[in-house]
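Taking it in order: structure first as structure tokens, then the write-up.
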Amino acid sequence: MNSQIHQLFWILLLLITACNPDNLSSTQSNQNSSTMEGADLPTGIWQGKLKLTDTETLPFNFELNKKNQTYTVDIINGKERITVKEINVVGDSVIMQLPVFNSAIKVKFAEGRMLGKWHNYAKRADYEIPFSAMHGNDQRFEVPKAEKVMDVDGKWEVVFITDDNSGKTDAIGEFQQNKQQLTGTFLTPTGDFRYLEGSVFDNEMMLSCFDGSHAFLFKAKMNEGGSLHGEFWSGNHWHEKWIAYRNDSVNLPDPDTLTYLKEGYDKVDFSFSNLNGQNVSINTPKYKDKVVLVQILGSWCPNCMDETAFYADYYKKH
């Protein structure tokens, strides 16, 4: 009899435990997590948006692909394609680890939409910008169709001006316009602003670029005199004004005025330790009577990356 009572007690205890709401929700949560892991994200074109300020949003497009249960993303900036291969989907969470630069997009996904943040750890551990995306939207800037729009195609003399008017930077704007579609870049004495893509509407123009490190947004209006007056945002940390005048013959300063040997030197000279603690010097015998290419660059600089890719390919061929 005592044995039967003892068995009945344990049966009742198991039933009570199984019916506990906390245990039930925990079980359901585990099931949801298990079934959502590896769940299909809609492939094809997406429109992404970075909210730079309370009033300004940087749009860009990306294409989501899936092959053999593996996702990849191609970020689109004009002719440029940046492929993202490190994508993790767990439940309703998606993490895109962007290539080369130390940054990531972390979002929650539901019904063809993503909502989260872009984290740029290379800039600052806490640097983040709100991010959202919508599936199936192939527009970059959502502007209405217009029969007549201003013409900005060609070469422009540009001056960027800091907000406090303490600094100015000369640049050249080179724009390619096809009706309302616009691509181009800004050339400066030390580089360019990469592949910009955007739109023209009425007397307004807008361009943007996102590559995982840089988030550039340009806007401008044309006045009655034909000059452009605009604003430039880099992420949520930098803002400048800019003015442009059409000038097909404008040129940048001679690059030889930017880089030169210090007084007292007649050639490049250096000596330092490499990663293995070995001394590296331009005067090492193995370099004697050979062409030596010295590249000075920043790992965060996309122009430097282009340069490195060119040199790497050239070295393989020659």
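The structure presented is a predicted model; accordingly, all values stated were derived computationally and were not measured.
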Measure from the side-chain N and O atoms of D211 to the backbone N and O of S213, and report whether any donor-acceptor pair falls under 3.5 Å.
yes
Check the surroundings of atom CZ in R113: do more than 12 heavy atoms from other residues, nucleotides or ligands lie under 6.0 Å from it?
no
Tell me whether the rings of F218 and F232 are parallel (<30°), tilted (30 to 60°) or perpendicular (>60°).
parallel
Is K108 paired with D92 through a side-chain N to carboxylate O contact shorter than 4.0 Å?
yes
Answer yes or no: is there a side-chain heavy-atom contact under 4.5 Å between N303 and R194?
yes
Would you please say whether a donor-acceptor pair under 3.5 Å links the side chains of S249 and N247?
yes
Partners passing side-chain contact (heavy atoms from CB on, under 4.5 Å) against S132 (at least two apart in sequence or in another chain):
K49, L115
Tightest non-hydrogen contact, residues S234 and Y127, listed as O-OH, 4.4 Å
At their closest point, which heavy atom of R246 faces which heavy atom of V152, and how far apart are they?
NH2-CA, 3.7 Å
Below 30° counts as parallel, above 60° as perpendicular, anything between as tilted: where do the rings of W156 and F175 land?
tilted
Does any non-hydrogen side-chain atom of F101 lie less than 4.5 Å from one of M305?
yes
Does P59 offer a backbone N or O that forms a donor-acceptor pair with the side chain of S208 under 3.5 Å?
yes
Under a 4.5 Å cut-off applied to non-hydrogen side-chain atoms, are K106 and M114 in contact?
no
Residue pair V268, L261: steps toward the side chain to side chain contact (heavy atoms under 4.5 Å, CB included) verdict
CA-CA 7 Å; V268 175; L261 292 172; 4.2 Å; yes
Relative to each other, are the rings of Y314 and H318 parallel, tilted or perpendicular (30° and 60° limits)?
tilted
Is the distance between the ring centroids of F186 and F160 under 6.0 Å?
yes
Heavy-atom distance under 4.5 Å between the side chains of I75 and F60, does that happen here?
yes
Distance-minimising heavy-atom pair for L58 and C209
CD1-O, 3.9 Å
Tell me yes or no: between the side chains of T183 and E197, is some donor less than 3.5 Å from an acceptor?
no
Close side-chain approach of V73 to E63, heavy-atom, < 4.5 Å
no
If I take atom OG from residue S93 and atom CD1 from residue I95, how far apart are they, to the nearest 0.5 angstrom?
7.0 Å
Check for me, please, whether W233 and L228 land in the same ILVMFWY cluster - side-chain distances under 4.5 Å, paths through other members count.
no
Side chains of N65 and T43: do they bring a donor and an acceptor to under 3.5 Å?
no
Atom CG of residue position N276 - does it have more than 12 heavy atoms of other residues, nucleotides or ligands inside 6.0 Å?
yes
Heavy-atom distance under 4.5 Å between the side chains of M222 and M150, does that happen here?
yes
Regarding E56 and K51, does a basic nitrogen lie under 4.0 Å from an acidic carboxylate oxygen?
no
Are the side chain of W242 and the backbone of V159 linked by a donor-acceptor contact shorter than 3.5 Å?
no
How far does CG of L196 sit from CD of E174, to the nearest 0.5 angstrom?
11.5 Å
Between S103 and L98 (side chain of the first, backbone of the second, donor and acceptor by atom type, cut-off under 3.5 Å), is there such a pair?
no
Regarding N283 and S271, is there a side-chain donor-to-acceptor distance under 3.5 Å anywhere?
no
Keeping the roles fixed (side chain from Q180, backbone from V200), state whether a donor-acceptor pair exists under 3.5 Å.
yes
So do T188 and V158 actually touch side chain to side chain, heavy atoms under 4.5 Å?
no
Please report the shortest heavy-atom distance between L64 and P42, naming the atom on each side.
CD2-O, 3.1 Å
Evaluate the criterion side-chain hydrogen bond (donor to acceptor under 3.5 Å, both in side chains) for residue pair Q295 and T308; output intermediate values, then yes/no.
CA-CA 8 Å; Q295 186 186 8; T308 302; 3.0 Å; yes
Do K117 and E128 sit within salt-bridge range, that is, some charged N less than 4.0 Å from a carboxylate O?
yes
If you measure from CG on N102 to NE2 on H119, what distance do you get to the nearest 0.5 Å?
12.0 Å
Please determine, by modelled atom types, if D153 and Q177 share a side-chain donor-acceptor pair under 3.5 angstrom.
no
Y311 versus L293: any side-chain heavy-atom pair under 4.5 Å?
yes
For the CD atom on Q181, are there more than 12 heavy atoms of other groups (residues, nucleotides or ligands in this structure) within a distance under 6.0 Å?
no
Between NE2 on residue H214 and CG on residue N77, distance to nearest 0.5 Å:
12.0 Å
May I ask you to say whether K66 pairs ionically with D40, meaning some side-chain N is under 4.0 Å from a carboxylate O?
yes
With rounding to the nearest 0.5 angstrom, report the CD1 to CG distance, I243 to N223.
9.5 Å
Same hydrophobic cluster for F193 and L182, using side-chain heavy-atom links shorter than 4.5 Å among ILVMFWY?
yes
Those residues at least two apart in sequence (or on a different chain) that pass salt bridge (Lys or Arg N to Asp or Glu O under 4.0 Å) with E86 are none
Run the side chain to side chain contact (heavy atoms under 4.5 Å, CB included) test on L217 and L52 for me, step by step, so that the C-alpha distance in whole Å, both residues' side-chain angles and the decisive distance to 0.1 Å come before the verdict.
CA-CA 9 Å; L217 175 64; L52 306 185; 4.0 Å; yes
Do you see a donor-acceptor pair shorter than 3.5 Å between the side chains of D164 and T162?
yes
Between F310 and Y315, does a ring-ring contact (aromatic ring centres under 6.0 Å, His included) hold up when you go through it step by step?
CA-CA 9 Å; F310 171 81; Y315 182 80; over 10 Å; no
Honestly curious: do F141 and I129 fall in one hydrophobic cluster under the side-chain, below-4.5 Å linking rule?
yes
Heavy-atom donor-acceptor pair, Y71 side chain to L41 backbone, under 3.5 Å:
yes
Candidate list E142, Q139, R140, test side-chain hydrogen bond (donor to acceptor under 3.5 Å, both in side chains), partner Q47, passing option:
E142
Quick one: sort the F131 and F62 rings into parallel, tilted or perpendicular, breaks at 30° and 60°.
tilted
Rounded distance [0.5 Å steps], CG in N120 versus CD1 in I105:
11.0 Å
Are Y195 and M206 linked, directly or through intermediate hydrophobic residues, by side-chain heavy-atom contacts shorter than 4.5 Å (ILVMFWY only)?
no
Give me the atom names and distance for the closest heavy-atom approach of G112 to W46.
O-CZ3, 3.5 Å
State plainly whether one hydrophobic cluster holds both V143 and M205, where clusters connect Ile, Leu, Val, Met, Phe, Trp and Tyr through side-chain heavy atoms under 4.5 angstrom apart.
no
Residues in salt bridge (Lys or Arg N to Asp or Glu O under 4.0 Å) contact with K317, at least two apart in sequence or another chain:
D313
Testing the basics here: between P189 and D170, what is the closest heavy-atom pair and its distance to 0.1 Å?
CD-O, 3.4 Å
